[in-house]
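All residue numbers refer to positions in the sequence shown, counting from 1.
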Amino acid sequence: MINVLFVCSSNVCRSPYCEYMFKRMVQEDEALAGIVGRVESAAVLNHSKELHSKARASLLGEGFTSEELDAHRPRHIRDYPDLTREADVIIGMTAWHRYLIPKADKAKYVNLSEAAGESYKAVPDPFLARSQAKYDAAMAVIKRYLAEFADRLKKGELI
């Protein structure tokens, strides 16, 4: 069983989306459930207070309930050092997120596009997206990467 930690700048857009969506993938797929233990998310830069409103709307559109989303409390890796220590893989959105991971855990870091088996490509921060449609387009890229990552895990292609 591997423990997966998704990280982004503030834990209000990309990484919580990854956490919610990947947990669902694990719950719905017996093969994946036999491989993945915990799925968590956290910030590496900013201390934030709540899920971004567009992230909330996007996740509601994916079928999550308000109650499920209300349970999200943005976390920062400095406040929760066990998150990086206990993770088997830390998946970030950009190469510079790796620099903010504790030194002892840097070897566990991989970018989401690379976890999906593709070459490095930063996952743009949709925080400032002006429309929900643009925001959702960024989330669709993340969703595709998550599906590819899940497929790699099921094929035994551990990163």
Side-chain angles (χ1 to χ4, degrees), residues 1-27 32 35-62 64-116 120-130 132 134-146 148-150 153 158-159:
M1 300 291 278
I2 66 166
N3 296 324
V4 179
L5 174 64
F6 293 101
V7 297
C8 69
S9 300
S10 302
N11 194 223
V12 297
C13 291
R14 296 171 290 181
S15 62
Y17 184 87
C18 288
E19 178 183 357
Y20 277 94
M21 295 301 293
F22 201 67
K23 278 182 179 176
R24 178 187 280 168
M25 290 176 183
V26 170
Q27 290 169 351
L32 200 54
I35 299 166
V36 178
R38 278 195 333 257
V39 178
E40 309 271 357
S41 68
V44 295
L45 185 62
N46 301 314
H47 282 83
S48 299
K49 296 191 189 294
E50 63 185 22
L51 195 61
H52 188 280
S53 61
K54 286 186 176 80
R56 183 179 184 82
S58 187
L59 287 164
L60 286 168
E62 292 285 356
F64 291 94
T65 66
S66 290
E67 293 77 22
E68 289 173 299
L69 302 179
D70 290 345
H72 178 73
R73 297 289 176 262
R75 297 182 290 177
H76 194 288
I77 60 170
R78 280 178 289 190
D79 300 329
Y80 298 89
D82 288 348
L83 288 174
T84 58
R85 196 172 24 251
E86 294 174 4
D88 296 302
V89 61
I90 301 168
I91 300 176
M93 305 298 128
T94 69
W96 70 267
H97 286 150
R98 182 180 187 277
Y99 295 105
L100 301 169
I101 299 294
K103 186 177 182 179
D105 300 314
K106 285 187 190 306
K108 302 176 193 179
Y109 183 89
V110 64
N111 181 268
L112 181 58
S113 64
E114 295 166 325
Y120 171 79
K121 184 171 183 182
V123 177
D125 192 343
F127 185 82
L128 297 176
R130 293 184 186 257
Q132 188 66 45
K134 286 187 180 187
Y135 191 95
D136 290 344
M139 297 301 103
V141 171
I142 290 173
K143 189 174 178 179
R144 179 177 59 82
Y145 284 150
L146 291 173
E148 291 171 6
F149 173 56
L153 287 174
L158 297 177
I159 44 179

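In this structure, R14 contributes its side chain and M93 its backbone to no donor-acceptor pair below 3.5 Å. With hydrogens and angles ignored, the 3.5 Å screen pairs a side-chain donor or acceptor of H72 with a backbone N or O of N11. A donor-acceptor pair is defined here as one N or O able to donate and one able to accept, closer than 3.5 Å; such a pair exists between the side chain of D88 and the backbone of N3. Formation of a donor-acceptor pair under 3.5 Å by the K54 side chain with backbone atoms of F127 is not found in this model.
Remark: D70 CG to L51 CG distance equals 9.0 Å, nearest 0.5 Å. Between atom CZ of residue R75 and atom OG of residue S15 there is a gap of 9.5 Å, rounded to the nearest 0.5 Å. Distance CG/L45 to NE2/H76: 6.0 Å, rounded to 0.5 Å. The line from OH of Y20 to OG of S41 is 8.0 Å long, rounded to the nearest 0.5 Å. For the atom pair L83 CG and I90 CD1, the distance stands at 9.0 Å (nearest 0.5 Å). The NZ atom of K143 sits 10.0 Å away from atom CG of D136, with the distance rounded to the nearest 0.5 Å.
For the ring-ring contact (aromatic ring centres under 6.0 Å, His included) test, no residue two or more places apart in sequence or in another chain qualifies with Y80. Judged as a ring-ring contact (aromatic ring centres under 6.0 Å, His included), and not counting sequence neighbours, the contacts of F6 are F22.
Atom NZ of K106 has more than 12 neighbouring heavy atoms from other residues, nucleotides or ligands inside a 6.0 Å radius. Counting non-hydrogen atoms of neighbouring residues, nucleotides and ligands closer than 6.0 angstrom, the OH atom of Y120 exceeds 12 such neighbours. Atom CD of E50 is surrounded by 12 or fewer heavy atoms from other residues, nucleotides or ligands within 6.0 Å. The 12-atom threshold is not exceeded at NZ of K121, counting heavy atoms of other residues, nucleotides or ligands nearer than 6.0 Å.
Of all non-hydrogen atoms in I77 and A42, the two that sit nearest each other are CG2-CB, 3.8 Å. L69 and R56 make their closest contact through CB-NH1, 3.4 Å (heavy atoms, listed as atom of the first residue, atom of the second, distance). The shortest heavy-atom contact between Y17 and S58 is CE1-OG, 3.8 Å. Of all heavy-atom pairs spanning E148 and A116, the tightest one is OE1-CB, 3.4 Å. In terms of heavy atoms, V123 sits closest to Y145 at CG2-CE1, 4.0 Å. Across all their heavy atoms, A57 and Q132 have their closest contact at CB-OE1, 3.5 Å.
Between R24 and E62, the closest side-chain pair of non-hydrogen atoms falls below 4.5 Å. No side-chain heavy atom of P74 sits less than 4.5 Å from a side-chain heavy atom of K49. Residues D79 and H47 are in side-chain contact: their nearest non-hydrogen atoms beyond the backbone lie under 4.5 Å apart. Counting only heavy atoms from C-beta outward, the side chains of I35 and V26 never approach each other to under 4.5 Å. Side-chain contact between M139 and M21: absent, with no pair of heavy atoms (C-beta onward) separated by less than 4.5 Å.
Side-chain contact, N111 with S113: a donor N or O sits under 3.5 Å from an acceptor N or O. Side-chain contact of S9 with N46: a donor-acceptor pair under 3.5 Å is absent, judged by distance alone.
If you run side chain to side chain contact (heavy atoms under 4.5 Å, CB included) between C18 and each of V39, L5, I142, V4, only I142 comes through.
Between H52 and Y135, the ring planes lie parallel to each other; the angle is under 30°, not in the 30° to 60° tilted range.
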Side chain to side chain contact (heavy atoms under 4.5 Å, CB included) between I2 and L153, intermediate numbers included = CA-CA 10 Å; I2 66 166; L153 287 174; 3.7 Å; yes
